[in-house]
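Some notes on the structure that comes next.
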Amino acid sequence: MELNETDRRLIGALRRGLPLVEHPYAALGAELGLDEGAVIARLQRFMERGLISRFGVVVDHAALGFDGNAMVVWDIPDADVEGVGRMFAGLSWVSLCYRRPRRLPHWRYNLFTMIHARQRAFVEDRVGVMTVLADSVVQASAILHTTRRFKQTAACYGTAPAAAGEA
């Protein structure tokens with residue numbers, strides 16, 4: 001897909017996320033000299049052509065008071081990992097659930113689940129429930145409590161528009 005300068009600037013403007021206003025596409029358009037309909041049409045075209053696959057939310061859990069977060073890693077037999085993963089993914093307290101290859105001999109875990117909580121005790125309680133739910137297939141697990149946060153951002157493409165006041 002051939003992109004023109006306006007397309008690049010629109011993609012660049014999305015780096016900051018959608019503005020938290022009643023009409024975010026109109027606000028983006030005002031920044032770029034486009035009307036709301038033109039912004040939406042361009043974004044639809046980007047999505048139809050696979051340039052943008054989805055819009056998502058990046059949540060700052062700590063700002064919301066969730067300080068007991070943990071990645072819980074599981075060693076599940078390969079024959080059972082898909083079924084256990086689907087079950088864990090359906091639990092209301094699991095926000096991420098995915099499979100990764102083992103890295104033997106140092107890393108035996110093949111299923112990863114993220115639990116966001118206000119207290120570590122909640123995570124530990126829920127891991128106990130998950131262990132019971134998975135019955136005898138859990139060979140091992142480990143709770144990796146969050147001790148440090150890194151900046152979470154979306155992928156950055158396009159040309160970032162100049163900030164207000166810049167030429």
Side-chain angles (χ1 to χ4, degrees), residues 1-74 81-82 84-103 107 109-120 122-123 126-127 130 142-167:
M1 175 178 180
E2 190 73 28
L3 298 177
N4 63 30
E5 182 58 26
T6 302
D7 294 332
R8 288 188 185 90
R9 291 179 54 227
L10 175 56
I11 293 169
L14 289 170
R15 288 178 178 183
R16 296 186 308 265
L18 292 174
L20 297 176
V21 297
E22 187 171 348
H23 296 281
Y25 301 111
L28 276 177
E31 187 178 321
L32 302 169
L34 301 170
D35 66 31
E36 182 178 36
V39 169
I40 292 171
R42 283 175 190 265
L43 293 175
Q44 285 176 330
R45 195 178 73 228
F46 294 164
M47 293 184 82
E48 289 167 3
R49 297 188 177 158
L51 188 63
I52 294 175
S53 59
R54 67 181 180 92
F55 282 88
V57 174
V58 177
V59 177
D60 183 346
H61 292 91
L64 296 173
F66 289 81
D67 293 326
N69 309 318
M71 174 66 70
V72 184
V73 293
W74 306 85
V81 70
E82 187 170 329
V84 172
R86 288 184 189 281
M87 178 178 54
F88 285 177
L91 298 172
S92 63
W93 60 84
V94 172
S95 57
L96 292 171
C97 181
Y98 53 92
R99 182 182 186 182
R100 289 281 185 260
R102 301 171 198 281
R103 302 291 183 208
W107 188 257
Y109 304 105
N110 60 345
L111 187 64
F112 297 68
T113 55
M114 186 73 200
I115 301 173
H116 291 98
R118 295 183 191 277
Q119 298 173 343
R120 287 183 173 201
F122 177 88
V123 172
R126 294 303 184 250
V127 169
M130 294 165 79
I143 300 173
L144 310 173
H145 288 285
T146 301
T147 58
R148 183 175 175 195
R149 293 187 309 138
F150 295 92
K151 183 178 180 182
Q152 293 179 298
T153 62
C156 294
Y157 302 102
T159 305
E166 292 182 12

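Here, residue 1 is the first one in the sequence, and each next residue gets the next number. Values reported hereafter were calculated over all heavy atoms of this structure, with side chains retained and with hydrogens, waters and symmetry mates removed.
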Ring centroid separation Phe88 to Trp74 under 6.0 Å: yes
Minimum heavy-atom distance between Leu43 and Phe55, given as atom pair plus value: CD1-CZ, 4.1 Å
Minimum side-chain heavy-atom gap Met130-Val72 below 4.5 Å: no
Minimal non-hydrogen separation, Gly65 against Arg118, with atom names: O-CG, 3.4 Å
CD-NE2 distance between Glu36 and His23, expressed to the nearest 0.5 angstrom: 6.0 Å
Heavy-atom pair with the smallest gap, counting every atom of Gly68 and Val123: O-CG2, 3.0 Å
Side chain proximity check, Arg42 to Leu51, heavy atoms < 4.5 angstrom: no
Arg9: which of Leu34, Leu32, Leu3 passes side chain to side chain contact (heavy atoms under 4.5 Å, CB included): Leu32
Nearest atoms (heavy-atom pairs only) where Asn69 meets Met114: CB-CE, 3.8 Å
By side-chain hydrogen bond (donor to acceptor under 3.5 Å, both in side chains) - contacts of Ser95 (at least two apart): His116
Rounded distance (nearest 0.5 Å) linking atom CE of Met71 with atom CG of Leu144: 8.0 Å
Reported CH2-to-CZ distance for the pair Trp107 and Arg102, which is rounded to 0.5 angstrom: 12.0 Å
Trace of the side-chain contact (heavy atoms from CB on, under 4.5 Å) decision for Arg149 with Asp60: CA-CA 10 Å; Arg149 293 187 309 138; Asp60 183 346; 2.7 Å; yes
Reported OG1-to-CG distance for the pair Thr6 and Leu10, which is rounded to 0.5 angstrom: 9.0 Å
Heavy-atom closest pair, residues Cys97 and Leu111: SG-CD1, 4.0 Å
Ring geometry between Phe66 and His61 (parallel below 30°, tilted from 30 to 60°, perpendicular above 60°): perpendicular
Considering all heavy atoms, the nearest Ile115-Arg126 contact: CD1-CB, 4.4 Å
Leu14 and Leu28, any side-chain heavy atoms less than 4.5 Å apart: yes
Atom CG of Leu20 with >12 non-hydrogen neighbours under 6.0 angstrom: no
